[in-house]
Amino acid sequence: MTTFDPPPRRVHPIEIESYRIMRERADFGHFAPLTRAVVERVVHTTADPSWTGEVVTTEDAVRAGRRALLDGAALITDVRMVAVGITSREPLVALDLPGVAAEDGLTRSAAGIRAAAERHPDGAVWAIGNAPTALAELLRLAEAGAVRPALVVGVPVGFVGAVAAKAALRRSGLPGVSTLTERGGAAIAAAAVNALLYWRENQEEDR
């Protein structure tokens, strides 16, 4: 496994101004440093301060995920929509793996997770932003001992199964990032991963 050092990132003046406005409209001061970076990135991505009460994680979980990414762990997304939003790493897209197909009782998204888990059973960072069935399958595999994630960014979106899958992630004891309601999606999953990759220890909070 080779380590990964994110390239230096030049912050555009528009982003600097966006963060200034965002911090006038929402209070991020009660979040721990890396958790704050994740929540801020989500709010910035959506232009919606209400996400400050939506994202659920712990500082230990996101630090474990960042550490795994910097140590060169695999980064796996459920769909390409999540992957294209991640700007400094090339993830493995589970749905794009050869031979992935729906089976009896298993959606194609879940089948992709199963195939990716066979390739990377230990220490990967998983970012699931589309299908609740993908997150449910990952949790099933973890409970069976078939996969041991470093971090699960589990933010599938939808009215059917999404809330239950994310609640199951929180109950599982796995290091995770989730959302409380039906809200989520590819942009949210990518934003959380980007926050982990962009962040620097002891970085200035002001842009």
Side-chain angles (χ1 to χ4, degrees), residues 38 41-42 45-46 51 54-57 61 65 68-69 72-197:
V38 170
R41 182 60 53 182
V42 170
T45 296
T46 59
W51 283 94
E54 178 81 33
V55 179
V56 180
T57 191
L69 290 172
L75 172 59
I76 303 168
T77 67
D78 57 337
V79 294
R80 183 151 295 282
M81 287 186 294
V82 178
V84 298
I86 297 170
T87 55
S88 60
R89 279 283 299 270
E90 183 67 32
L92 173 70
V93 181
L95 205 59
D96 288 352
L97 291 173
V100 169
E103 306 171 16
D104 289 342
L106 194 71
T107 66
R108 188 163 174 261
S109 293
I113 296 299
R114 184 178 292 183
E118 291 175 356
R119 294 187 178 207
H120 298 284
D122 288 308
V125 172
W126 297 76
I128 297 176
N130 185 56
T133 57
L135 179 56
E137 179 64 12
L138 181 62
L139 296 177
R140 188 193 69 77
L141 293 168
E143 185 176 10
V147 64
R148 291 157 290 277
L151 177 69
V152 178
V153 178
V155 291
V157 62
F159 293 113
V160 179
V163 170
K166 290 179 280 193
L169 170 59
R170 291 190 291 275
R171 291 194 303 270
S172 71
L174 294 173
V177 178
S178 64
T179 53
L180 290 171
T181 70
E182 293 90 350
R183 294 199 295 173
I188 305 306
V193 174
N194 283 334
L196 301 184
L197 292 170

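Between Gly185 and Val157, the shortest heavy-atom contact is N-CB, 3.7 Å. The heavy-atom pair separating Ala73 from Gly123 by the smallest distance is CB-O, 3.2 Å. Between Gly65 and Leu196, the shortest heavy-atom distance links the atoms C-CD1, 4.3 Å. When all heavy atoms of Leu139 and Ala165 are compared, the closest pair comes out as CD1-O, 3.7 Å. The two atoms that bring Ala101 and Ala111 nearest to each other are O-CB, 3.3 Å, heavy atoms only. Considering every non-hydrogen atom in both Ala146 and Pro121, the closest pair reads O-CB, 3.5 Å.
The closest side-chain heavy-atom distance from Leu69 to Arg89 is below 4.5 Å. In this structure, the side chains of Pro132 and Val160 stay at 4.5 Å or more apart for every pair of heavy atoms. Ile86 has its side chain within reach of Pro91: a pair of non-hydrogen atoms, C-beta onward, lies under 4.5 Å apart. Within the 4.5 Å cutoff, no side-chain heavy atoms of Leu135 are placed close to those of Trp126. Counting heavy atoms from C-beta outward, Val125 and Ile76 have side chains that stay 4.5 Å or more apart. By the 4.5 Å heavy-atom criterion applied to side chains, Pro156 and Lys166 are counted as neighbours. Contact check for Thr77 versus Ile128: no side-chain heavy atoms found under the 4.5 Å cut-off. Inter-residue side-chain proximity for Arg119 and Leu97 is flagged as met; some heavy-atom pair is nearer than 4.5 Å.
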ask   = Taking it one step at a time, do Thr181 and Glu54 satisfy side chain to side chain donor-acceptor pair (under 3.5 Å)?
value = CA-CA 7 Å; Thr181 70; Glu54 178 81 33; 2.8 Å; yes
Worked check of side chain to side chain contact (heavy atoms under 4.5 Å, CB included) between Leu95 and Arg80 = CA-CA 8 Å; Leu95 205 59; Arg80 183 151 295 282; over 6 Å; no
message = Walk me through whether Val56 and Val177 qualify under side chain to side chain contact (heavy atoms under 4.5 Å, CB included).
response = CA-CA 6 Å; Val56 180; Val177 178; over 6 Å; no
message = Between Trp51 and Thr45, is the side chain to side chain contact (heavy atoms under 4.5 Å, CB included) condition met? List the steps.
response = CA-CA 10 Å; Trp51 283 94; Thr45 296; over 6 Å; no
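At distances below 3.5 Å, at least one donor-acceptor pair connects side-chain atoms of Thr57 with backbone N or O atoms of Gly176. In this structure, Asp122 contributes its side chain and Val147 its backbone to no donor-acceptor pair below 3.5 Å.
Atom CG of Asp78 is separated from atom CG of Leu138 by 10.0 Å, given to the nearest 0.5 angstrom. With rounding to the nearest 0.5 Å, the separation of CD1 in Ile113 from CZ in Arg108 is 12.0 Å. In this structure, the separation between CZ on Arg183 and CD1 on Ile188 is 8.0 Å, given to the nearest 0.5 Å.
Looking at Glu137 and Arg140, a side-chain N of the basic residue comes within less than 4.0 Å of a carboxylate O on the acidic one, giving a salt bridge.
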